[in-house]
S.K.: 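Sharing a structure, written as structure tokens. Questions coming.
Chain naming here is simple, since letters A, B, ... match the order of the sequence lines and numbering starts at 1 in each. Every value quoted in this text rests on a predicted model; they were computed, and no experiment measured them.
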Protein chains: 2
Amino acid sequence: MSEETGLDRIDFAILRLLTKDAWLSNKQIAAEVGLAPSSCHERIKSLRARGVLLGAHAEVNLQVIGFALQAVLFVQLGKLSIEVVDDFVSATAAVPEVRGVFLVSGRTDLIVDVAVRDMQHLKTVISEHFNRHAVVLRVETSVVFNRQQQHGMPLP
Amino acid sequence: MSEETGLDRIDFAILRLLTKDAWLSNKQIAAEVGLAPSSCHERIKSLRARGVLLGAHAEVNLQVIGFALQAVLFVQLGKLSIEVVDDFVSATAAVPEVRGVFLVSGRTDLIVDVAVRDMQHLKTVISEHFNRHAVVLRVETSVVFNRQQQHGMPLP
DNA sequence: TCATATTTTCGAAAACTATTCGATTGACGA
DNA sequence: TCGTCAATCGAATAGTTTTCGAAAATATGA
């Protein structure tokens with residue numbers, strides 16, 4: 001068991017499997033990692049209880065439900081307190097079209113990943129949720145041509 | 001049933017529940033959407049078969065496994081063919097530390113979201129996978145201070 | 001409008017899986 | 001070496017998923 005994390009080789013194997021496919025059965029995982037189903041079940045329960053496994057989310061094909069356009073917004077904010085900025089980040093994340101928000105260092109403050117139906121919809125989202133907001137100084141928009149997301153573990 | 005998507009109100013309810021928590025049982029979902037378990041099961045099977053539901057991924061606490069630092073890389077590429085660029089996007093997505101890659105329009109070509117252990121690790125990743133690569137003209141790095149991800153449906 | 005075809009839903013049975021629990025094993029420090 | 005503790009196991013139970021034929025609802029066409 002690694003002293004760093006409190007997780008051993010088998011825990012990592014379980015995490016790797018579940019990040020690849022959260023719908024694997026406990027029985028299948030147990031077989032893959034070489035444990036009895038009851039032991040594997042105990043480990044997964046423990047990983048959840050310790051806050052290592054945070055949950056699982058199904059992935060839907062956004063094209064199919066009519067969200068054909070993706071964009072990235074580079075948002076510049078005014079000089080604000082940390083509290084105001086963090087609140088704006090949370091408010092932004094709560095917008096249904098927003099898939100992700102990053103508060104970053106550098107020339108831009110916020111990077112916002114949005115999924116929309118079309119250009120008209122994109123215009124509406126930017127106008128309603130960013131340009132209208134007093135804390136926002138400037139929004140630069142980039143269209144996403146290609147995108148790849150990695151859901152697995154960041155270990156080779 | 002919506003003619004646009006081939007999905008009705010109940011399908012959307014199922015998708016909303018599963019994107020929030022992919023570990024909900026079929027029985028629970030059936031109860032929430034007001035169907036018999038067998039009918040609900042049939043719908044979920046169909047959503048998978050039609051490519052609407054693409055899969056599910058467990059979410060792990062990256063801090064706990066030692067990935068304490070997140071960064072966004074803004075990568076500028078040379079004038080290249082679409083094929084070469086798409087290949088580079090795929091190669092980038094395959095790097096374990098890379099969580100997501102966006103090929104975008106505008107002043108930067110690639111936005112890369114990475115999770116690393118520390119600054120030393122970040123330096124290594126940028127050096128090994130970007131600066132070393134001939135197609136990369138320039139990499140600008142931003143540290144991620146705060147991040148929120150939305151896994152649910154982009155509908156109110 | 002009515003009859004027919006098709007799809008969807010349902011409940012019950014069967015098959016399978018998760019979950020619990022006491023006993024056993026194995027690791028570790030005294 | 002011994003005792004303690006945590007992890008593992010197998011078997012029993014409880015619960016869920018999956019299948020399937022029949023019924024209901026919905027769509028189709030004359």
Side-chain angles (χ1 to χ4, degrees), chain A residues 1-66 151-153 155, chain B residues 1-66 151-153 155:
Chain A
M1 174 160 58
S2 160
E3 292 308 318
E4 301 274 333
T5 62
L7 304 176
D8 66 8
R9 173 181 306 281
I10 294 178
D11 287 319
F12 278 106
I14 291 171
L15 294 177
R16 186 167 293 112
L17 288 167
L18 283 176
T19 52
K20 262 199 290 220
D21 182 1
W23 283 332
L24 285 170
S25 71
N26 176 61
K27 195 189 172 190
Q28 285 176 287
I29 296 163
E32 293 255 16
V33 304
L35 282 182
S38 55
S39 307
C40 185
H41 179 252
E42 198 58 47
R43 274 181 186 257
I44 292 171
K45 222 166 60 176
S46 164
L47 288 168
R48 295 246 268 161
R50 283 184 285 166
V52 183
L53 269 174
L54 299 173
H57 307 277
E59 190 184 356
V60 313
N61 187 337
L62 292 175
Q63 314 285 329
V64 171
I65 61 168
H151 301 281
M153 294 279 281
L155 297 161
Chain B
M1 171 158 63
S2 160
E3 293 307 317
E4 300 275 333
T5 61
L7 304 176
D8 65 9
R9 169 182 309 281
I10 295 178
D11 288 320
F12 277 104
I14 291 170
L15 294 177
R16 186 167 293 113
L17 289 167
L18 283 175
T19 51
K20 261 199 293 222
D21 182 3
W23 282 333
L24 285 171
S25 71
N26 176 62
K27 195 191 172 190
Q28 286 176 287
I29 296 163
E32 293 255 17
V33 305
L35 282 181
S38 54
S39 307
C40 186
H41 178 252
E42 196 58 47
R43 273 181 187 257
I44 292 171
K45 222 166 57 176
S46 165
L47 287 168
R48 294 246 268 162
R50 283 185 286 166
V52 182
L53 269 174
L54 298 174
H57 307 278
E59 192 184 353
V60 313
N61 188 337
L62 292 175
Q63 313 286 328
V64 172
I65 61 168
H151 300 281
M153 295 278 282
L155 296 161

S.K.: For the pair made of CG in A:Asp8 and P in D:dA6, what is the distance, rounded to whole Å?
M.R.: 16 Å
S.K.: How does protein reach along nucleotides 17-24 of chain C, written 5' to 3' as B (base within reach of a heavy atom under 4.0 Å), S (only sugar-phosphate), or - (no contact)?
M.R.: SSSB----
S.K.: Side-chain atoms of residues 12-21 of chain B: list all donor-acceptor pairs with protein atoms under 3.5 Å, sequence neighbours left out, distances to 0.1 Å.
M.R.:
from: B:Thr19; atom 1: OG1; to: B:Leu15; atom 2: O; distance (Å): 2.9
from: B:Thr19; atom 1: OG1; to: B:Arg16; atom 2: O; distance (Å): 3.0
from: B:Asp21; atom 1: OD1; to: B:Trp23; atom 2: N; distance (Å): 2.8

S.K.: Rounded to the Å, how far apart are B:Arg43 CZ and C:dC10 P?
M.R.: 9 Å
S.K.: I need the minimum non-hydrogen distance between B:Arg50 and B:Gly6, along with the two atoms involved.
M.R.: NH1-O, 3.4 Å
S.K.: Measuring only between side-chain heavy atoms, which start at C-beta, is B:Arg43 closer than 4.5 Å to B:Asp8?
M.R.: yes
S.K.: For B:Ser25, enumerate each residue passing the side chain to side chain donor-acceptor pair (under 3.5 Å) test, keeping only those at least two apart in sequence or located in another chain.
M.R.: B:Gln28
S.K.: Which atom pair, heavy atoms only, marks the closest approach of B:Leu53 to A:Ala58?
M.R.: CD2-CB, 3.8 Å
S.K.: Could you state the atom-to-atom distance from CG of B:Leu35 to C1' of D:dT17 in whole Å?
M.R.: 16 Å
